[in-house]
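First comes the structure, then the notes that go with it.
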Amino acid sequence: MASIVRKIIHTQKCPKALAPYNQAVVADRTVYCSGVLGMELDTLKLVDGGAAAQTCKALEHLTNLLQVSGSSIENVVKTTILLADMNDYGTVNDEYKRVFTSNFPARTCFAVNKLPLGAAVEIEAIALTGDVMQVSA
């Protein structure tokens with residue numbers, strides 16, 4: 001039986017892990033990105049501006065993480081968005097559509113009781129590496 005490669009991803013282009021987890025793990029041709037917060041790299045504090053600004057920064061970090069992992073936003077197949085307040089749903093969608101512009105990935109979005117550091121939003125993703133052919137059914 002052939003071995004499957006499990007590669008740990010760590011980059012200085014994203015906030016360091018705040019607990020015992022990796023920023024991302026590549027298993028074969030699939031990238032599993034841990035939840036990303038909208039934090040400043042230098043201070044590790046949340047950006048000012050609430051859900052919109054935090055979403056924008058989290059998606060910037062996610063884009064960088066995917067690139068380092070050998071993938072891209074275009075190859076994302078699933079995202080999960082965690083919100084501290086479901087009233088931010090529309091605001092988060094507006095920022096999300098600036099990054100995911102077509103061939104949207106599958107997605108789950110729900111409110112939680114509390115997010116790390118008092119964040120308004122956290123975003124995780126699953127993506128593919130290599131050449132991916134987009135097909136619509």
Side-chain angles (χ1 to χ4, degrees):
M1 181 178 268
S3 296
I4 294 177
V5 174
R6 180 178 185 266
K7 181 179 179 184
I8 304 301
I9 303 298
H10 173 76
T11 177
Q12 299 297 323
K13 294 181 178 183
C14 295
K16 68 179 182 176
L18 300 174
Y21 62 86
N22 291 299
Q23 293 171 322
V25 175
V26 179
D28 199 22
R29 290 190 55 209
T30 305
V31 182
Y32 299 90
C33 298
S34 294
V36 181
L37 302 176
M39 301 167 59
E40 295 291 354
L41 285 178
D42 54 347
T43 64
L44 296 180
K45 292 186 180 183
L46 296 170
V47 296
D48 292 330
Q54 288 180 32
T55 301
C56 182
K57 184 57 85 172
L59 289 169
E60 177 185 318
H61 293 320
L62 183 61
T63 300
N64 290 336
L65 184 56
L66 288 165
Q67 182 182 30
V68 170
S69 301
S71 188
S72 68
I73 285 293
E74 292 77 21
N75 289 353
V76 172
V77 296
K78 172 75 166 74
T79 60
T80 302
I81 301 174
L82 309 173
L83 299 175
D85 184 347
M86 194 52 88
N87 289 319
D88 290 329
Y89 186 80
T91 301
V92 170
N93 276 338
D94 290 343
E95 295 302 323
Y96 186 89
K97 289 186 293 188
R98 294 180 203 277
V99 174
F100 293 99
T101 58
S102 64
N103 297 315
F104 300 110
R107 186 178 98 172
T108 303
C109 181
F110 53 92
V112 296
N113 185 33
K114 190 174 181 182
L115 290 168
L117 303 177
V121 62
E122 181 173 1
I123 304 172
E124 65 179 34
I126 300 170
L128 304 173
T129 62
D131 292 329
V132 177
M133 180 174 43
Q134 298 288 341
V135 178
S136 296

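The first residue of the sequence shown is numbered 1, and numbering continues consecutively from there. These numbers come from a predicted model, not from an experiment.
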TODO: Decide whether a cation-pi geometry holds between R107 and F100; the criteria are a distance under 6.0 Å from NZ or CZ to the six-membered ring centre and an angle within 45° of the ring axis.
DONE: no
- [ ] Indicate, with yes or no, if I123 and Y32 share a hydrophobic cluster defined by side-chain heavy-atom contacts under 4.5 Å among Ile, Leu, Val, Met, Phe, Trp and Tyr.
- [x] no
- [ ] Count the heavy atoms belonging to other residues, nucleotides or ligands that lie under 6.0 Å from CD of Q134, then report whether that count exceeds 12.
- [x] yes
Task: Atom pair CD1 (I4) and OG1 (T30), whose distance is rounded to the nearest 0.5 Å - done: 9.5 Å
Task: Heavy-atom side-chain contact between L83 and F110 under 4.5 Å - done: no
Open item on the list: Tell me whether S34 contacts the main-chain N or O of A24 through its side chain, where contact means a donor paired with an acceptor under 3.5 Å.
Closed with: no
Task: I8 atom CD1: more than 12 heavy-atom contacts under 6.0 Å - done: yes
Task: Side chain proximity check, N75 to T129, heavy atoms < 4.5 angstrom - done: no
Open item on the list: Within the structure provided, determine whether V99 and T63 are in side-chain contact (heavy-atom separation under 4.5 Å).
Closed with: yes
- [ ] Could you check if a side-chain atom of I126 sits within less than 4.5 angstrom of a side-chain atom of C33, using non-hydrogen atoms only?
- [x] no
Open item on the list: If hydrophobic clusters are built by linking Ile, Leu, Val, Met, Phe, Trp and Tyr wherever their side-chain heavy atoms come under 4.5 Å apart, do L59 and V68 end up in the same one?
Closed with: yes
TODO: Establish, from distance only, whether the side-chain atoms of K78 and T80 form a donor-acceptor pair under 3.5 Å.
DONE: yes
Task: Heavy-atom pair of closest approach, residues V132 and R29 - done: CG2-NH2, 4.4 Å
TODO: Could you list the residues that satisfy side-chain hydrogen bond (donor to acceptor under 3.5 Å, both in side chains) with D42, not counting sequence neighbours?
DONE: none
Task: Heavy-atom pair with the smallest gap, counting every atom of L37 and A119 - done: CD2-CB, 3.7 Å
Task: Any S69 side-chain heavy atom under 4.5 Å of I9 side chain - done: yes
Open item on the list: Under 4.5 Å between side-chain heavy atoms, counting indirect links through other Ile/Leu/Val/Met/Phe/Trp/Tyr residues: same cluster for V47 and I81 or not?
Closed with: no
TODO: State which residue, out of T91, T101, T79, fulfils the side chain to side chain donor-acceptor pair (under 3.5 Å) condition with Y96.
DONE: T79
- [ ] Go through D28 and V5 one step at a time and tell me if the side chain to side chain contact (heavy atoms under 4.5 Å, CB included) criterion holds.
- [x] CA-CA 5 Å; D28 199 22; V5 174; over 6 Å; no
Task: Atom pair CG/OG of L65 and S71 - distance to nearest 0.5 Å - done: 9.5 Å
Task: P15 vs M39 side-chain heavy atoms within contact, under 4.5 Å - done: yes
TODO: Could you please spell out the steps behind the side chain to side chain contact (heavy atoms under 4.5 Å, CB included) verdict for V25 and R6?
DONE: CA-CA 7 Å; V25 175; R6 180 178 185 266; 3.7 Å; yes
Open item on the list: Working note: E122 + Q54, criterion side chain to side chain contact (heavy atoms under 4.5 Å, CB included); need CA distance, chi angles, decisive distance, verdict.
Closed with: CA-CA 8 Å; E122 181 173 1; Q54 288 180 32; over 6 Å; no
- [ ] Would you indicate whether the side-chain heavy atoms of H10 and Q23 approach each other to under 4.5 Å?
- [x] yes
Task: Connected via hydrophobic side-chain network under 4.5 Å: L62 and V92 - done: yes
Open item on the list: When you compare the side chain of L128 with that of V77, does any pair of heavy atoms fall below 4.5 Å?
Closed with: yes
Open item on the list: Hydrophobic clusters here meaning ILVMFWY residues chained together by side-chain heavy-atom distances under 4.5 Å, can you tell me if V121 and L18 are in one?
Closed with: no
